[in-house]
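Data first, discussion second: the structure below is written as structure tokens.
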Number of protein chains: 2
Amino acid sequence: MLQFPELWMNTISLGERIANELRLKILENSIKPGEVLSENQIAQLYGTSRSPVRDAMKALSNDGLIHLERMGAVVLGLSQKDVQELYDIREMIENFAQQRVSRKDMSTVLHSLCLTIDQMELAARYDMHSNFAYYDLTFHETIIRHARHQRILNLWNGMRPLIMAIILVTTEDVFAHGTEHTEWVIDKHRKIVRAMQTGTSETIEKSVGRYFDDSKRTLNKSFPLRIDEGRA
Amino acid sequence: MLQFPELWMNTISLGERIANELRLKILENSIKPGEVLSENQIAQLYGTSRSPVRDAMKALSNDGLIHLERMGAVVLGLSQKDVQELYDIREMIENFAQQRVSRKDMSTVLHSLCLTIDQMELAARYDMHSNFAYYDLTFHETIIRHARHQRILNLWNGMRPLIMAIILVTTEDVFAHGTEHTEWVIDKHRKIVRAMQTGTSETIEKSVGRYFDDSKRTLNKSFPLRIDEGRA
DNA sequence: GTTAATTAACTTGTCGACAAGTGTACTTGG
DNA sequence: CCAAGTACACTTGTCGACAAGTTAATTAAC
């Protein structure tokens, strides 16, 4: 069972910790769609009171992983379709961000991005999975930060924990497929940098589109088939 | 002082009610940027315990109206720039949604939209401000719902309360400018319908762009100047 | 007068408890 | 055997309390 890296737990809040744990469990199918979670149950499981659990449930509901009902929260899980949709949003956001960044001075951004990619290389060579995942996330977050658009950043922050968990899970599969796959992931990021450097609006849009199309394909392999039950 | 329509309060949760009230107060500048709110203070003000206030604070933080700090939540308010950014996102979302809707059978959607516009007409004629605002919101929500994209709908739901409050506030100004202004707003919606009917991808994109550009301009008039202090 | 230490009044995060409401299972009547 | 009513276990929303931590002010020392 995949554990959440203690290093990423900058958040001291118990609620966030519980949310992170539950997220992983749901993504790993350790908690299965259709199950019903109650606040008492989870609180007892983690040996806490209901207050932090309540926060965690809200977070998971915001992620779309569970649905809060009048009695109990039913687990929805993350179907392939859900991941596709989530990455539709990522594409939308990042396209927006890159367009905006490309209209400014990009020297510092590109510098940061290259550094981050090198960090990925390093993490890949030394088999540091969670570091690899972390710098992958950092890469995209850097772009979004530099767009200087508070509301876009807000959107990103809202889905950040979920994406974090997804990347964490899928990175395992990436490493399982050997060096050529990590190299392929790294190269995808280099391509983005290149597109930003030389890029007009259209080339950036295409570059982002390609990146996330590839990601979606990989994700479909990583995530086991799951029946997508119709949601309310 | 503008009150929140009791009719819209489908939500029975005390936390949501408090959030709605506070949102309006912040938007009306009755609670000013820079002020520091404490949970105890608000709880006492509304005669409740801290639990629902806590929820409300989280909601307001998600809206970007306040910033939760270690001690107290500092009020950020909504500057013109913030509104511009928020409507950037609306444009992004609705463009995405309309593109998707236009690739399907639109007959039922267009039917709903026309009905909603007629409701706006009616509300305008009878000076029912909050109804006018409500149907304005409904119009856009209808489009987004019919895009059948769970994650986009999620995004919309996340910003819905804030947009609701903004529309509520600005609608007052729309009515203050007389019939020609309400007619103008209604006509904007008709134009969207027309673009969707006849529209290719490009015409829809332009239509949406025009709509929100107009909205942004109007909003700038409605919202009084406010210093945009740099945010962390 | 200035600086450092201590106190005092706040703040949030977490906890356990209670009431109101919901669904289930069981009982009771046919 | 089946249906309607009832009781029970379990749920969430809300409450008040406490501890740990932070800020500001007051005091004390120099």
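Within every chain, numbering begins at 1; the chains are lettered A, B, ... in the order of the sequence lines, protein sequences first and strands thereafter.
- Computed from coordinates, the A/Leu14 CG to D/dA20 P distance equals 15 Å when rounded to whole Å.
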Return the polar atom pairs (N/O with N/O) between nucleotides 7-11 of chain D and the protein under 3.5 Å, or none.
{"residue": "D/dT11", "atom": "OP1", "partner": "A/Ser38", "partner atom": "OG", "Å": "3.0"}
{"residue": "D/dT11", "atom": "O3'", "partner": "A/Gly72", "partner atom": "N", "Å": "3.3"}

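- Every residue two or more places apart in sequence or in another chain that forms a side chain to side chain donor-acceptor pair (under 3.5 Å) with A/Asp105 is listed here: A/Ser107.
- In the region residues 47-62 of chain B, proximity to DNA chain C at under 4.0 angstrom, judged on heavy atoms, holds for B/Arg50, B/Arg54.
- Residues that satisfy the salt bridge (charged side-chain N to carboxylate O under 4.0 Å, His left out) test with A/Lys58, not counting sequence neighbours, are B/Asp55.
- Summarising the geometry, the separation between CD on B/Gln44 and C1' on C/dT11 is reported as 14 Å, rounded to the nearest angstrom.
- Looking at residues two or more places apart in sequence or on another chain, you find a ring-ring contact (aromatic ring centres under 6.0 Å, His included) between A/His129 and A/Phe175.
- Under the rule for a ring-ring contact (aromatic ring centres under 6.0 Å, His included), the partners of B/His189 that lie at least two apart in sequence or sit in another chain are B/Phe139, B/His140, B/Tyr211.
- Judged as a salt bridge (charged side-chain N to carboxylate O under 4.0 Å, His left out), and not counting sequence neighbours, the contacts of A/Glu141 are A/Arg145, A/Arg160.
- Shown here are the side chain to side chain donor-acceptor pair (under 3.5 Å) partners of A/Asn157, two or more places apart in sequence or in another chain: there are none.
- Interatomic distance, CD1 of B/Ile166 versus CE of B/Met159, reported as 8.5 Å (0.5 Å rounding).
- Between the CD1 atom of B/Ile42 and the C1' atom of D/dC15 there is a distance of 18 Å, given to the nearest Å.
- By the salt bridge (charged side-chain N to carboxylate O under 4.0 Å, His left out) test, A/Arg90 is found to be paired with no residue, residues two or more places apart in sequence or in another chain being considered.
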